[in-house]
J.: 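Submitted below is the structure of interest, expressed as structure tokens.
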Protein chains: 2
Amino acid sequence: MTYADFMNAPKRRDRAATRSALLDAARRRFAEHGFDGTGVREIAADAGVDPTLIFRYFGSKQDLFAEASKAEVPEGIGEPGTGPVGLADALVREVVLGTRPASGGEHPLMLMLRSAGRPEVRARLHEEVCDGYLADLARRFEGEDAALRAELVGALLLGMGVMRDLVDSPVLPGADPDRVRALVADMVAALERA
Amino acid sequence: MTYADFMNAPKRRDRAATRSALLDAARRRFAEHGFDGTGVREIAADAGVDPTLIFRYFGSKQDLFAEASKAEVPEGIGEPGTGPVGLADALVREVVLGTRPASGGEHPLMLMLRSAGRPEVRARLHEEVCDGYLADLARRFEGEDAALRAELVGALLLGMGVMRDLVDSPVLPGADPDRVRALVADMVAALERA
DNA sequence: AGCATAAGTCATCACTTGTTGACATAAGCG
DNA sequence: CGCTTATGTCAACAAGTGATGACTTATGCT
């Protein structure tokens with residue numbers, strides 16, 4: 001079989017493989033250019049398949065986005081025993097410093113932030129952040145305004161992600177991870193004392 | 001003149017007025033739906049003028065966005081004498097707690113965040129945040145990693161804006177502004193000691 | 001009043017978008 | 001093999017996009 005034969009040879013038909021190729025390509029494209037900046041034809045081209053398969057396998061571009069931006073939620077990150085400092089540290093490692101090759105190197109939350117112009121995306125963002133992360137954080141604070149203090153910790157973490165992925169500030173990627181964690185711990189600890 | 005006459009009467013032609021009507025409508029639309037979610041026809045309809053005037057007065061939709069999201073930079077906010085805590089407090093009041101009727105109630109930075117899918121927008125975001133706010137903050141920190149600590153303060157502030165405008169968390173708007181400022185001050189102060 | 005120019009209007013283009021349905025072909029089983 | 005079904009291909013549509021250029025009409029000056 002010549003090289004030309006190899007190139008022109010029809011690809012093997014494999015539902016699962018094409019589906020996940022599509023999903024991977026979508027994650028990368030959506031993460032980099034956002035929902036509106038990404039066309040179905042581009043996603044399909046990246047995946048090396050026909051654009052119409054998106055609709056066969058996912059229903060619509062929106063449904064594809066929904067599945068691509070679904071977080072495989074770690075569920076119960078940071079031991080329940082630890083205080084807010086411990087949880088914040090775990091989240092820093094996961095959301096901010098963590099690198100995830102699947103989604104083009106970004107956490108699903110950050111992926112959604114690039115498409116925050118769309119109401120449905122903001123709705124999902126609200127749900128995951130408020131009902132998930134913030135509620136978990138608030139539980140570790142004691143006293144009057146636990147919710148407010150949890151909000152500030154959440155803001156700090158989210159803001160770090162925004163700095164890295166949207167503002168593209170070189171500081172965080174260039175910093176010593178342990179130093180970053182230590183400083184964040186100090187800030188959260190200050191909140192615990194307040 | 002009857003009511004019908006009044007309604008059908010041609011509007012007065014006033015370049016400055018239509019231009020600023022267009023600009024206001026654009027700010028509101030862009031702030032709420034982002035760049036891609038907003039059409040020139042919608043902006044024009046809100047302003048009550050013809051869509052093509054956008055191109056006559058601004059050149060293109062992008063140029064309109066650029067002008068609509070331009071921050072009337074306060075330049076030298078927070079006395080140069082004050083430390084990071086003072087500057088952070090001033091920024092909290094301006095960016096996070098401040099309400100600006102012109103842009104649909106949001107700071108230009110937040111307006112840009114809803115269009116963060118677009119590279120040019122991220123470029124402007126990068127410029128304004130890094131060269132403006134972060135540089136200013138870093139100057140008030142002493143010691144080794146002033147840039148990193150400035151980054152964390154910036155992240156906290158930006159994150160608060162994201163929480164309010166993108167995640168739509170009810171906590172910050174519902175909280176006592178003075179309490180919020182006090183907690184933020186504590187967090188920044190912790191950074192100063194570190 | 002009459003005229004020059006600025007301001008606003010209209011029809012329309014060129015293009016992209018998500019999406020659909022009819023068609024072709026490979027895979028797998030009897 | 002021969003048939004069925006799952007998988008992939010193709011052409012095209014309907015709607016919406018930003019943008020342009022020719023046209024009309026109000027405005028303000030002389």
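Per chain, numbering begins at 1; letters A, B, ... match sequence-line order.
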J.: Please give, in whole Å, the distance from C/dT20 P to A/L53 CG?
T.: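 Answer to the nearest Å: 14 Å.
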
J.: To the side chain of A/K61, which of C/dC10, D/dA19, C/dG18 is closest?
T.: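 The listed nucleotide nearest to A/K61's side chain is C/dG18.
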
J.: Heavy atoms only, 4.0 Å cut-off, all strands: where does B/S60 land among base, sugar-phosphate and nothing?
T.: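 Contact class for B/S60: sugar-phosphate only.
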
J.: Send over the distance from B/R56 CZ to C/dT9 P, rounded to a whole Å.
T.: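 Atom-to-atom, B/R56 to C/dT9, this comes out as 10 Å.
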
J.: Would you mind checking if A/R164 and A/D168 are paired as a salt bridge, meaning a charged N to carboxylate O distance below 4.0 Å?
T.: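 Salt bridge: no.
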
J.: Starting at atom CZ of B/R29, determine the distance to atom P of D/dT17, rounded to an integer number of angstrom.
T.: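 Spelled out: CZ on B/R29 to P on D/dT17 is 11 Å.
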
J.: Whole Å only: how far is the CZ atom of B/R19 from the C1' atom of C/dA6?
T.: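 Taking atom C1' of C/dA6 as the reference, CZ of B/R19 is at 15 Å.
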
J.: Take B/D36 and A/D14, find for each the nucleotide of DNA chain D with the closest heavy atom, and name the residue whose nucleotide sits nearer the 5' end.
T.: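 Its nucleotide being nearer the 5' end, the pick is A/D14.
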
J.: Under 4.0 Å between a side-chain N or O of B/T18 and OP1 or OP2 of C/dG8?
T.: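 For B/T18, the contact criterion (side-chain N or O under 4.0 Å from OP1 or OP2 of C/dG8) is met.
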
J.: For the side chain of B/D50, starting at C-beta, report the closest nucleotide among C/dG18, C/dT9, C/dT20.
T.: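 Shortest atom-to-atom distance from the side chain points to C/dT9.
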
J.: If only side-chain N and O atoms count, and only distance matters, is there a donor-acceptor pair under 3.5 Å linking A/T82 with A/R140?
T.: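 A/T82 and A/R140 do have a side-chain donor-acceptor pair below 3.5 Å.
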
J.: Looking at B/R15, I'd like to know whether one of its side-chain N or O atoms comes within less than 4.0 Å of OP1 or OP2 on C/dA7.
T.: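 So the side chain of B/R15 is within the cut-off, an N or O lying under 4.0 Å from OP1 or OP2 of C/dA7.
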
J.: Is the shortest side-chain N/O distance from A/R12 to OP1 or OP2 of C/dA27 below 4.0 Å?
T.: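 Checking C/dA27 against A/R12, a side-chain N or O does come within under 4.0 Å of OP1 or OP2.
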
J.: Starting the side chain at C-beta, find the nucleotide from C/dA7, C/dT19, D/dT20 nearest to B/Y57.
T.: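 Closest of the options to the side chain of B/Y57: C/dA7.
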
J.: If you take all heavy atoms of A/F35 and A/S115, which pair is closest and at what distance?
T.: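 A/F35 and A/S115 have their closest heavy atoms at N-OG, 2.8 Å.
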
J.: Can you tell me how far CG of A/L152 sits from CG of B/L172, rounded to the nearest 0.5 angstrom?
T.: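 So the CG of B/L172 and the CG of A/L152 are separated by 6.5 Å.
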
J.: Just how far, in rounded Å, is C1' of C/dG18 from CZ of A/F65?
T.: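 After rounding, the reported distance stands at 16 Å.
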
J.: Report the distance from atom CZ of A/R41 to atom P of D/dC13, rounded to the nearest whole Å.
T.: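 To the nearest whole Å, that distance equals 14 Å.
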
J.: Starting at atom CG of A/L22, determine the distance to atom P of C/dG18, rounded to an integer number of angstrom.
T.: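 Nearest whole value for this atom pair: 13 Å.
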
J.: Check the distance between C/dT19's P and A/F55's CZ and give it to me in whole angstrom.
T.: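 Whole-Å distance recorded here is 4 Å.
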
J.: With a 3.5 Å cut-off and no angle check, do the side chains of A/R124 and A/S69 form a donor-acceptor pair?
T.: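 There is such a pair between these side chains.
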
J.: Is B/R13 close enough to D/dT27 that one of its side-chain N or O atoms is under 4.0 Å from OP1 or OP2 there?
T.: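 So the side-chain polar atoms of B/R13 never come under 4.0 Å of the phosphate oxygens OP1 or OP2 of D/dT27.
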
J.: Tell me which of A/A16 and B/E42 sits closer to the 5' end of DNA chain D, going by the nucleotide each one is nearest to.
T.: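 That would be A/A16.
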
